[in-house]
Amino acid sequence: MKPRSTGRNTLRRLAVPLSEVFKVLHLKPSVDIMPQVCLSDVNPHILESTCTELREKYGQDKVHYQVCDVRDDAQVEDLFSKAKSSFSKLDLVVNNAGVVDEQDWLKCIDINLNGVIRGSLQGIKHMKKENGGSGGTIVNVASLAGVVPVSYSPAYAASKHGVVGYTRSWAGHPDMKTNDIRFLCLCPAFAKTEILKTKEGQLLGQKMAEEFMKKTGVMSVDQVTQAFTDLIETPDNSGSVMSVTLQGSKLLFQV
Ligand SMILES: NC(=O)C1=CN([C@@H]2O[C@H](COP(=O)(O)OP(=O)(O)OC[C@H]3O[C@@H](n4cnc5c(N)ncnc54)[C@H](O)[C@@H]3O)[C@@H](O)[C@H]2O)C=CC1
Ligand SMILES: CCCCC/C=C\C=C\C(=O)C/C=C\C/C=C\CCCC(=O)O
């Protein structure tokens, strides 16, 4: 079964109900299936409490987790090789970690852009046929800040522009077609999550940010999760970059 050509079947090979996986990623599913998942975050408390809850509900074997700092090559490599050996193959990788920090902008770039690159390269490696994989889907979470200028957080915007360009570039690579590896990118506007509690010192102008937010509005997580689900359920759409705003979802690029 080829994930990119079968639409909904893409999800059938995953192993815990996506509703639960997506809750953690602030995402929401439209199908009820039982994928096996490996969740990861740099924060062990968030990770452990979520996974304990999921394991009680779906069984120990369905939910794997591993603390990982996406800034660390060795940790990312180890995460993927453990996931691959537990599951035997990877069908879906979601590179979702992100922060806003204009003060420590190197950290911001290292998490938001380099972290996505590290996760994508590992995803490609393990999905490639020559390494025993059989293709799959890699979703990189960017932001609307990846396609419009954002004056209160230029480094964040640069990192997210990078994610959009990186994702589109891989999508057009002939090896991805040969290996049935699909690259997708999601660009949400403001959504009600912890990141909106970013401290004043990490922004270049709290007031400016508040004004942007007031003008643009804040979406529910459900709206973003629905867009995510639509994106991954659409067949043959590698290279798609989708924006999500209060007005709805829009396909910005198709490679
Ligand atoms: N909520 C929003 O308004 C929007 C969020 N996004 C993006 O969505 C993604 C998810 O963010 P949210 O759920 O909104 O915020 P969040 O703050 O709830 O989630 C971000 C997660 O990334 C983790 N993280 C931070 N540094 C890490 C590292 N070095 N290694 C591994 N994990 C790390 C955090 O512990 C946290 O759990 C981010 O990439 C963010 O930039 C994009 C557009 C809008
Ligand atoms: C007041 C505190 C704000 C903190 C902001 C923190 C995180 C934001 C993350 C985002 O990715 C926000 C997403 C989109 C913003 C980018 C552009 C909005 C402008 C839209 C427009 O041009 O109309």
Side-chain angles (χ1 to χ4, degrees), residues 21-28 38-51 65-76 78-79 94-102 104 106-119 139-164 167 185-225 227-228 241-247 249-250 252:
V21 179
F22 291 167
K23 225 182 269 168
V24 178
L25 295 167
H26 306 302
L27 299 170
K28 181 186 148 199
C38 180
L39 301 172
S40 177
D41 199 287
V42 73
N43 184 328
H45 308 296
I46 293 176
L47 198 54
E48 278 166 27
S49 64
T50 309
C51 289
Y65 70 94
Q66 189 165 326
V67 172
C68 173
D69 186 333
V70 299
R71 288 172 292 179
D72 187 317
D73 286 327
Q75 286 185 34
V76 177
D78 186 56
L79 170 69
V94 183
N95 292 308
N96 182 58
V99 295
V100 178
D101 197 338
E102 296 303 313
D104 194 348
L106 280 173
K107 174 181 148 195
C108 178
I109 303 281
D110 205 11
I111 294 171
N112 299 3
L113 177 57
N114 301 355
V116 164
I117 294 177
R118 291 183 186 99
V139 184
N140 292 329
V141 179
S143 161
L144 200 59
V147 286
V148 302
V150 184
S151 302
Y152 65 81
S153 60
Y156 179 79
S159 71
K160 296 299 188 177
H161 274 70
V163 171
V164 173
T167 308
C185 188
L186 196 68
C187 294
F190 298 102
K192 200 171 179 338
T193 71
E194 290 299 304
I195 206 170
L196 295 190
K197 295 180 186 158
T198 298
K199 305 258 181 338
E200 190 163 359
Q202 293 166 315
L203 297 163
L204 292 189
Q206 173 94 0
K207 258 211 155 103
M208 205 195 308
E210 280 165 7
E211 276 159 24
F212 255 86
M213 215 158 74
K214 213 168 154 191
K215 197 178 82 184
T216 313
V218 178
M219 294 180 289
S220 68
V221 164
D222 278 2
Q223 189 182 341
V224 182
T225 61
F228 176 92
V241 177
M242 182 184 270
S243 68
V244 199
T245 65
L246 272 175
Q247 287 70 42
S249 304
K250 204 166 134 191
L252 299 177

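Computed over heavy atoms, backbone and side chain alike; hydrogens, waters and symmetry mates excluded. Read the numbers this way: they start at 1 and go in the same order the structure lists the ligands and their atoms.
- Inclusion of V99 in the set of residues having an N or O under 3.5 Å from an N or O of ligand 1 is not warranted.
- Residue contacts with ligand 1: N43 is placed with no nitrogen or oxygen under 3.5 Å of a nitrogen or oxygen of the ligand (distance criterion only).
- Heavy atoms of K160 found under 4.0 angstrom from ligand 1 belong exclusively to the side chain.
- Summarising the geometry of C51 relative to L39, their closest heavy-atom pair is SG-CD1, 3.8 Å, with the distance given to 0.1 Å.
- In this structure, the separation between CD on E48 and CG on N43 is 9.5 Å, given to the nearest 0.5 Å.
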Inventory of protein N or O atoms under 3.5 Å from ligand 2 N or O:
unit_1   : atom_1 : unit_2 : atom_2 : d
ligand 2 : 11 (O) : S143   : OG     : 2.7
ligand 2 : 11 (O) : Y156   : OH     : 2.6

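- With respect to the salt-bridge test (charged N to carboxylate O, under 4.0 angstrom), the residues D222 and K192 do not qualify.
- Residue T167 holds its OG1 atom at 9.0 Å from CD1 of I117, rounded to the nearest 0.5 Å.
- A search for side-chain contact (heavy atoms from CB on, under 4.5 Å) contacts involving Q223 returns M219, S220, V244, L246, not counting sequence neighbours.
- Of all the atoms in ligand 1, the ones that sit under 4.0 Å from a non-hydrogen atom of F190 are 3 (O).
- In terms of heavy-atom proximity, I195 sits nearest to Y156 at CD1-OH, 4.4 Å.
- For the residues A142, S143, A191, C187, the heavy atom positioned nearest atom 7 (C) of ligand 1 is part of A142.
- Atoms of ligand 1 found under 4.0 Å from any heavy atom of D69 (numbered from 1 in listed order, with element): 28 (C), 29 (N), 30 (N).
- When heavy-atom distances to ligand 1 are checked against a 4.0 Å cut-off, S40 has no atom that comes that close, whether in backbone or side chain.
- Around atom 9 (C) of ligand 1, the closest heavy atom drawn from I195, L186, N96 belongs to N96.
- One distance of note links CG of D41 with OG1 of T50; it measures 8.5 Å at 0.5 Å rounding.
- The side chain of L196, and not its backbone, has at least one atom closer than 4.0 Å to an atom of ligand 1 (non-hydrogen atoms only; side chain from C-beta on).
- Residues meeting the salt bridge (Lys or Arg N to Asp or Glu O under 4.0 Å) test with D101, sequence neighbours left out: K107.
- Annotation: the span from L252 atom CG to L186 atom CG amounts to 10.0 Å, rounded to 0.5 Å.
- Each of the atoms 30 (N), 31 (C) of ligand 1 lies under 4.0 Å from some heavy atom of C68.
- Expressed to the nearest 0.5 Å, how far CD of Q247 lies from OG1 of T216 amounts to 8.5 Å.
- Applying the 4.0 Å criterion to heavy atoms of V42 picks out, from ligand 1, the atoms 24 (N), 26 (N), 27 (C), 28 (C), 30 (N), 31 (C), 32 (N), 33 (C), 35 (O).
- Between L79 and S40, the closest heavy-atom pair is CD2-OG, 3.7 Å.
- The distance from ligand 1 to the heavy atoms of P188 drops below 4.0 Å at these ligand atoms: 42 (C), 43 (C), 44 (C).
- When each atom of ligand 1 is checked for a heavy atom of R71 under 4.0 Å away, the hits are 29 (N).
- Atom-to-atom distance recorded for I111:CD1 and N95:CG is 13.5 Å, nearest 0.5 angstrom.
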Side-chain donor-acceptor pairs under 3.5 Å in residues 206-215, sequence neighbours left out?
unit_1 : atom_1 : unit_2 : atom_2 : d
Q206   : NE2    : E210   : OE2    : 3.1

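- Interface atoms of ligand 1 facing A189, defined by a heavy-atom separation under 4.0 Å, are 3 (O), 43 (C), 44 (C).
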